[in-house]
Amino acid sequence: MQSKAQEATRGAAPTRLPRIVSLFSGAGGLDLGFADAGYEVVFAVDSDQWAVETHKQAFPGTCTIQADLVKLGVEGLIERIRPLLNHGEKIGVIGGPPCQGFSRSNVNATPNDPRNKLPMLYLKIVEALQAEYVVEFIVFENVLGIRDNKHKRTFNGILRQLRQLGLSPNVNEYDAYDFGVAQHRRRVIIAAFASARACQEFAPMRQIAGQKTVSEAIGRLPEPSYFSRGMTPNKYHPNHWTMQPRSYRFVHPDEQQRDGRSFRRLKEDEPSPTVAYGHREIHVHPNGKRRLSILEAMLLQGFPKRYVLYGPFSAQVQQVSNAVPPPLAYALALAAGHVLAQA
């Protein structure tokens with residue numbers, strides 16, 4: 001599946017780009033950005049059934065598998081990758097381990113959360129890949145909380161391990177809004193390169209243009225369908241559906257508090273706050289009469305309209321919430337390709 005960005009920028013990235021191994025790929029937001037920039041995503045893995053189905057449909061040329069990486073193990077993963085790549089081939093590794101253990105919204109987060117061990121598993125996989133391929137770079141995405149004091153030991157351990165693997169880490173915080181996404185979404189990105197020069201020169205280009213407000217992103221869509229058992233897919237887009245607006249607050253939208261967690265109403269002329277929803281916390285449409293549809297949330301994340309998320313409603317909420325905005329991923333991918341060509 002090619003997005004308009006991919007069609008418009010074909011050839012913008014240098015040729016002979018490393019092929020991509022995607023870990024914790026989710027619904028494919030990060031992968032889409034790299035594909036749009038000209039990279040081939042050879043292999044992808046995630047533990048979530050519906051995210052994997054979405055990825056398979058969006059990337060039919062990719063070997064996408066559903067697996068728990070802890071249970072599959074490093075060697076089990078390498079065995080799945082070996083038939084897809086030539087020994088000694090140049091590759092890049094991308095992905096963000098599940099971040100709930102580091103999230104600031106998780107008030108019960110502790111340094112001992114078992115999910116906090118997944119970044120080190122990620123690095124063990126990188127080390128195993130280095131034994132058979134040339135890992136030119138990795139891109140690691142996570143929430144800002146990973147740098148908080150209570151997770152300092154884990155975060156410093158990640159950087160230390162990267163250096164031991166011969167990779168120079170470039171650490172920065174990026175807001176998706178700066179890359180043409182109608183949403184403020186700040187995340188930590190570690191881009192680590194085998195070339196120290198590439199690390200120093202890595203600088204994703206921010207985008208002045210783009211859809212900067214909620215209205216620009218979703219203002220002209222038809223009304224969505226409302227979730228019900230046995231419903232038929234929305235004719236405009238299969239993801240253009242939302243929950244039934246049963247609360248009295250939707251009948252009297254002017255009485256809503258705009259800053260409440262469960263009823264956070266968006267403003268047309270501003271960007272959306274972070275698209276990261278709980279089961280009943282999908283942001284309220286600017287008209288105050290309903291919650292956003294899944295499609296509207298996807299557009300606020302920067303997905304093209306042709307992209308489709310699969311699974312039941314709750315699975316789609318999770319996929320769109322966890323995704324990396326493709327325009328940010330695209331900027332990271334172009335920047336990586338640029339510095340690799342100069343190294």
Side-chain angles (χ1 to χ4, degrees), residues 3 26-33 48 50-51 53-55 57-58 96 99-100 103 105 141 143 175-177 179-187 210-227 231 233-234 236-245 250 256 258 260-329:
S3 71
L30 188 58
D31 297 18
L32 180 61
D48 183 79
W50 290 112
E53 182 61 26
T54 293
H55 200 284
Q57 296 296 329
C99 61
Q100 290 86 351
S103 175
S105 63
E141 180 264 357
V143 294
D175 186 347
Y177 178 78
F179 297 89
V181 179
Q183 171 197 179
H184 282 303
R185 184 187 188 92
R186 297 191 64 84
R187 291 293 185 266
Q211 295 178 332
K212 294 290 192 173
T213 69
V214 169
S215 178
E216 289 173 329
I218 69 171
R220 298 182 180 180
L221 297 183
E223 281 297 298
S225 300
Y226 293 103
F227 174 80
M231 65 180 292
N234 184 280
Y236 179 76
H237 191 285
N239 296 127
H240 197 32
W241 59 334
T242 188
M243 294 185 292
Q244 294 278 357
F250 295 119
Q256 292 178 20
R258 288 185 178 268
R261 182 180 176 93
S262 296
F263 281 85
R264 194 168 189 178
R265 183 176 171 185
L266 303 186
K267 297 181 180 180
E268 291 184 346
D269 58 350
E270 295 182 6
S272 170
T274 302
V275 173
Y277 309 134
H279 180 59
R280 298 286 180 180
E281 295 171 0
I282 300 171
H283 293 149
V284 175
H285 190 277
N287 66 21
K289 298 179 180 180
R290 61 173 176 83
R291 297 188 186 274
L292 295 175
S293 73
I294 299 296
L295 173 62
E296 288 167 335
M298 291 169 64
L299 295 176
L300 292 173
Q301 280 276 51
F303 277 93
K305 283 185 181 178
R306 65 192 67 182
Y307 213 85
V308 176
L309 302 183
Y310 289 81
F313 187 82
S314 59
Q316 292 180 20
V317 171
Q318 180 176 327
Q319 289 176 65
V320 72
S321 296
N322 292 343
V324 176
L328 170 58

message: I need the Y226 OH to R290 CZ distance, nearest 0.5 Å.
response: 5.5 Å
- prompt: Is there a donor-acceptor pair under 3.5 Å between the side chain of T54 and the backbone N or O of Y310?
  reply: yes
statement: Interatomic distance, NE2@H283 vs OG@S272, rounded to 0.5 Å, equals 5.5 Å
For the student: nearest non-hydrogen atoms of P286 and V214, plus distance: CG-CG1, 3.8 Å
field: Donor-acceptor contact below 3.5 Å, side chain K212 vs main chain Y177
entry: yes
message: Just verifying a value: how many Å separate I294 CD1 and M243 CE, rounded to the nearest 0.5 Å?
response: 8.5 Å
query: Looking at side-chain heavy atoms only, is the closest gap between R264 and Y277 below 4.5 Å?
result: no
query: Looking only at atom types and distance, does a side-chain atom of H237 sit under 3.5 Å from a main-chain N or O of V308, one as donor and one as acceptor?
result: no
task: Start with the C-alpha distance between E223 and H240, add both sets of side-chain angles, then the distance that settles side chain to side chain contact (heavy atoms under 4.5 Å, CB included), and finish with yes or no.
output: CA-CA 8 Å; E223 281 297 298; H240 197 32; 5.9 Å; no
query: For the residue pair A323 and R185, what are the closest heavy atoms and their distance?
result: O-NH2, 3.2 Å
Flag side-chain contact, heavy atom, 4.5 Å: L221 against L299: yes
task: To the nearest 0.5 Å, tell me how far M298 CE sits from N239 CG.
output: 4.5 Å
Over all atoms of both residues, closest heavy-atom pair of A329 and V324: CB-CG1, 4.3 Å
Trace of the side chain to side chain contact (heavy atoms under 4.5 Å, CB included) decision for L266 with L300: CA-CA 11 Å; L266 303 186; L300 292 173; 3.9 Å; yes
- prompt: Quick one: does T274's side chain have a donor or acceptor within less than 3.5 Å of a partner on H184's backbone?
  reply: yes
query: Which heavy atom in G278 sits nearest to a heavy atom in V317, and how many Å separate them?
result: O-CG1, 4.2 Å
query: What's the shortest heavy-atom distance between G288 and F250, and which atoms?
result: O-CD2, 3.4 Å
task: Go through the steps for W241 and Q316 under the test side-chain hydrogen bond (donor to acceptor under 3.5 Å, both in side chains), then give the verdict.
output: CA-CA 10 Å; W241 59 334; Q316 292 180 20; 2.8 Å; yes
- prompt: Which distance, rounded to the nearest 0.5 Å, do you find between the CG of L328 and the CD of E141?
  reply: 8.0 Å
message: With a 4.5 Å cut-off on side-chain heavy atoms, are N322 and D48 touching?
response: no
- request: Heavy atoms only: give me the nearest P245-K289 pair and the separation to one decimal.
  value: CB-O, 3.4 Å
query: Is NZ or CZ of R291 both nearer than 6.0 Å to the six-membered ring centre of F263 and within 45° of the ring axis?
result: yes
query: What's the spacing between N287 CG and R265 CZ if we round to 0.5 Å?
result: 7.0 Å
